[in-house]
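Letters A, B, ... mirror the listed sequences (proteins, then strands); counts begin at 1.
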Amino acid sequence: MEEENKQGSEETASQGGSRRNFVRDIIDEDLKTGRYNTVHTRFPPEPNGYLHIGHAKSICLNFGTAKDYQGLCNLRFDDTNPTKEDVEYVESIQEDVRWLGFDWGDRMYYASDYFDKLYEYAVALIRKGKAYVDDLNADQIREHRGTLTEPGKDSPYRNRSIDENLDLFERMRKGEFPDGSKTLRAKIDMSSPNINMRDPVMYRILHATHHRTGDKWCVYPMYDWAHGQSDSMEGITHSICTLEFEDHRPLYNWFVDQLGIFRPRQIEFARLNLTYTVMSKRRLLQLVHEGHVRGWDDPRMPTISGLRRRGYTPESVRLFADRIGVSKADSVIDVSVLEDCLRADLNKRARRVMAVLHPIRVVIENYPDGQVEELEAVNNPEDESMGTRKIPFSKVLYIEQDDFREDPPKKYFRLSPGAEVRLRYAYIIKCVGVVKDPQTGLITELRCTYDPDTKSGSPASQRKVKGTIHWVSAEHAVDAEARVYDRLFNVPDPGGENWKSSLNPDSLEIVKGCRLEPGLAKAKPQDRFQFERLGYYCVDDESTEGHLVFNRTVTLRDTWAKIESK
RNA sequence: UGGGGCGUAGCCAAGUGGUAAGGCAGCGGCCUUUGGAGCCGCCAUUCGUAGGUUCGAAUCCUGCCGCCCCAGCCA
């Protein structure tokens, strides 16, 4: 309790954070009253898709909370529907959880590990007269279920004898009946105001091959039947899930109470929504399958693998989870929160380099032909221990097209005819001429002079100019491709049926012919840099030494862009 | 017209009867060889709303309003 005065300290999230939230309040209470004396959580994904940033919130909550209470968190695959699941997904999920920095030790489980036990439990319920085999088909079950305002009707098969139920269920298991012809249902209350209690289906017949149990089973448990017992068997004390399972809780409690087994406490929280993206598995799957993106790990996807390829760090995602908090109120987080977490992290650790994405040639007229100077540049002004490096300077350079305006607007601090600007780590130059292509009228070259007394670091370099721009020596530059990513959707909430109409057609701009400082020639996939004044970039997985490819992770804050847009 | 939840700033979110934390966004300023980073200041007389209880209410009570979820043999 004496830790509470620390709650104001931000930026300390390294393993899930320690902010106060209602989940922790409940856990504290349970520990105090002795309802439980340890904290054991679990992250239970269905292996039917890739994990996204919303799962990251849940992972940080489950693993982070367990860790902070010196408890444990299991990884469990809820693989109860063989028609939708695949090993491809179980592998990617493990990779993503590990990448985020969490460890399940030797506690990786599958709901399918429990199929035998679940079957036994079902038989026990039948023997108690609490479950029965129903011959109604799916349509008939729906008709008997009633509506939100009207009670349901009992199935005509509801009062079969225990022996008949036992026999039928056994034969269902053996595969004697076709898919959909029978189900095993819990016998609860067809008139319950909670529809989940109206004799929910526990088992359906599915002659399907399961990715782990093969053809052993012809019946598969429904999630509602498998989940609570799985938690119970694993000794999960706090079963944290999302809001939509709130009214399934009475059912889960009913099952464990009927079976007389350990009862976990379920706690529901609001799932994450983010602006300018979609989060449902169905829609993400659609984006991939319809080719709107290049795959699950496309850097524009809100998937964990997409964020990773985009250049996000695990630390930044954990910081994000900590900042947004946990509550039960439906919410939509502004994507700028995520971006700010990333910048906060990368600012401290990314090496600064100079890269010109849209080059324009600059000739320094009064600089000696053939001369090359090695200038010293700092690798990270936020972290002196990252040292310095040498970069070559010569007569012919490239600067960013956007750093020159023939007709500059007010408050434009960069280069324009007659104006002076500092070349970062080098000299102050002045534009003395503009060369244009006589056919097109486009600028092909800038003629400049430099002031030899203004070399960076020299005692006489004190002269101030308004602007400083980045550059790269033409003859030393290395070539690269930049993939400039922007938000996938151009509206904050791409909801509704028409969601694909707000897909941003400019979410990816491929820029070829970028010129980079020579040290970048050997950059390897996943290396992250700050391209000075532009943003953070990482080397794409497809990059090779002969063909460098950089992904724009996120831009720097650009106050000039803000001023100019007014 | 059933059941379960949720309403604190543009977006999140603390707050648990003693007089509205923090973050993001925004705005203004300082500083700066990244228009980066950093720093300073501003940004809810009021907590969906109307009453009630109380010396005192975002916190307790009552009514009303709004939003989300539930009628898969999906999870």
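- Atom CG in A/Asn21 sits roughly 17 Å away from atom P in B/C12 (whole-Å rounding).
- Judged by distance alone with a 3.5 Å cut-off, a donor-acceptor contact links the side chain of A/Arg414 to the base of B/G35.
- Atom C1' of nucleotide B/A71 and atom CG of A/Leu251 are separated by 15 Å, given to the nearest angstrom.
- Taking the side chain of A/Lys411 as heavy atoms from C-beta on, and the options B/U1, B/A71, B/G35, the nearest nucleotide is B/G35.
- A/Asn380 and A/Arg349 form no side-chain donor-acceptor contact under 3.5 Å, judged by distance and modelled atom types alone.
- For the C1' atoms, the distance linking B/U46 with B/A57 amounts to 12 Å, nearest Å.
- For A/Asn81, whose side chain is taken as the heavy atoms from C-beta onward, the closest listed nucleotide among B/C73, B/G35, B/A75 is B/A75.
- Atom pair A/Phe245:CZ and B/C74:P shows a separation of 14 Å (rounding to whole Å applied).
- Across B/G7 and B/U59, the matching C1' atoms stand 15 Å from one another, rounded to whole Å.
- A/Arg422 contributes a side-chain N or O that forms a donor-acceptor pair with the base of B/U33 under 3.5 Å.
- B/A75 and B/A14 have their P atoms separated by 32 Å, given to the nearest Å.
- Within 4.0 Å of A/Tyr203, counting heavy atoms only, lies no atom of the nucleic acid at all.
- Among the protein residues, A/Leu272 comes within range of no part of the nucleic acid, since none of its heavy atoms lies under 4.0 Å from any strand.
- For B/U32, there is no paired nucleotide, since no Watson-Crick or G-U wobble pair has both relevant distances below 3.5 Å.
- Within 4.0 Å (heavy atoms only), A/Val465 reaches no atom of the nucleic acid at all.
- For A/Arg185, no side-chain nitrogen or oxygen approaches OP1 or OP2 of B/C73 to under 4.0 Å.
- Within 3.5 Å, no donor on the side chain of A/Glu244 pairs with an acceptor on the base of B/G4, nor the reverse.
- Going from atom NZ of A/Lys84 over to atom P of B/G72 covers 13 Å, rounded to whole Å.
- Residue A/Phe269 contributes atom CZ, which lies 16 Å from atom P of B/C12 at whole-angstrom precision.
- Nearest nucleotide to the side chain of A/Thr468, out of B/U33, B/A37, B/U1: B/U33.
- Base-pair partner of B/G2: B/C70 (Watson-Crick or G-U wobble, both distances under 3.5 Å).
- Ranking B/A37, B/C12, B/G72 by closeness to the A/Ser331 side chain, first place goes to B/C12.
- Within 4.0 Å of A/His248, counting heavy atoms only, lies at least one base atom of the nucleic acid.
- No side-chain donor from either of A/Asp139 and A/Asn137 sits under 3.5 Å from a side-chain acceptor of the other.
- When the nucleotides B/G2, B/C73, B/A25 are ranked by their closest atom to the side chain of A/Arg145, B/C73 comes out on top.
- When each of A/Arg405, A/Lys411, A/Lys410 is checked for a salt bridge (charged side-chain N to carboxylate O under 4.0 Å, His left out) with A/Glu564, only A/Arg405 meets the rule.
- Taking the C1' atom of each, B/C43 and B/G5 are spaced 32 Å apart, rounded to whole Å.
- When distances are taken from the side chain of A/Asp247 to each of B/A37, B/C11, B/G4, the shortest belongs to B/G4.
- As judged by a 4.0 angstrom heavy-atom cut-off over every strand, A/Ser327 is placed among residues touching the sugar-phosphate backbone only.
- In this structure, the nucleotide among B/C12, B/A75, B/C24 sitting nearest to the side chain of A/Arg323 is B/C24.
- Pairing of B/A75, defined by two Watson-Crick or G-U wobble distances under 3.5 Å, is not identified with any nucleotide.
- Among the nucleotides B/C68, B/G3, B/G35, the one closest to any side-chain atom of A/Thr559 is B/G35.
- Taking the P atoms as reference points, B/G36 lies 13 Å from B/C27, given to the whole Å.
- Counting only heavy atoms from C-beta outward, the side chains of A/Ile93 and A/Tyr50 never approach each other to under 4.5 Å.
- Nucleic acid contact class of A/Lys562 (heavy atoms, under 4.0 Å, all strands): sugar-phosphate only.
- Within the nucleic acid shown, A/Phe77 has no heavy atom closer than 4.0 Å to any nucleic acid atom.
- A syn orientation is assigned to B/G72, its glycosidic angle lying within 90° of 0.
- For B/G7, the paired base is B/C65 (Watson-Crick or G-U wobble, both distances below 3.5 Å).
- No engagement by A/Glu268 is indicated, since no non-hydrogen atom pair under 4.0 Å with the nucleic acid exists.
- Taking atom C1' on both nucleotides, B/G48 is separated from B/A25 by 23 Å, rounded to a whole Å.
- The gap from the P atom of B/A58 to that of B/G18 amounts to 11 Å, rounded to the nearest Å.
- When the side-chain nitrogen and oxygen atoms of A/Thr80 are compared with OP1 and OP2 of B/A75, one or more of them lie within a distance under 4.0 Å.
- Under the 4.5 Å side-chain criterion, counting only non-hydrogen atoms from C-beta, A/Val421 is not in contact with A/Phe413.
- Among residues at least two apart or in separate chains, salt bridge (charged side-chain N to carboxylate O under 4.0 Å, His left out) pairs with a member in residues 268-277 of chain A are A/Glu244-A/Arg271, A/Arg249-A/Glu268, A/Glu268-A/Lys328.
- Counting any heavy atom pair closer than 4.0 Å across all strands shown, A/Gly325 reaches no nucleic acid atom.
- No engagement by A/Thr83 is indicated, since no non-hydrogen atom pair under 4.0 Å with the nucleic acid exists.
- Between B/G35 and A/Lys466, no contact under 4.0 Å exists linking OP1 or OP2 to a side-chain N or O.
- Of the two residues contacting RNA chain B, namely A/Arg424 and A/Asp25, the nearest-nucleotide position lying further toward the 5' end is that of A/Asp25.
- Rounding to the nearest 0.5 Å gives a distance of 7.5 Å between CD of A/Gln229 and CE of A/Met202.
- Proximity of A/Asp403 to A/Leu415: side-chain heavy atoms (C-beta onward) are nowhere separated by under 4.5 Å.
- Closest to the side chain of A/Asn347, from the set B/G36, B/C11, B/C12, is B/G36.
- At the phosphate of B/G35, OP1 or OP2 sits under 4.0 Å from a side-chain N or O atom of A/Arg533.
- Out of B/G23, B/C68, B/G4, the shortest distance to the side chain of A/Asp330 is found at B/C68.
- Along RNA chain B, the nucleotide nearest to A/Ala329 and the one nearest to A/Glu85 differ in position, and the one closer to the 5' end is contacted by A/Ala329.
- For A/Phe245 and A/Tyr252, the ring centers are positioned 6.0 Å apart or more.
- In this structure, B/C60 and B/G52 make a Watson-Crick or G-U wobble pair, each of the two defining distances being under 3.5 angstrom.
- Counting any heavy atom pair closer than 4.0 Å across all strands shown, A/Ile141 reaches a base atom.
- When heavy atoms are screened at a 4.0 angstrom cut-off, A/Met222 is found touching the sugar-phosphate backbone but no base atom.
- Across all strands shown, A/Ile324 has heavy atoms under 4.0 Å from sugar-phosphate atoms exclusively, and none from any base.
- Atom C1' of nucleotide B/G36 and atom OH of A/Tyr537 are separated by 14 Å, given to the nearest angstrom.
- Contact annotation for A/Asn48: no contact, since no heavy-atom pair falls under 4.0 Å across all strands.
- Among all heavy-atom pairs drawn from A/Ala350 and A/Met386, the shortest one is C-CE, 4.2 Å.
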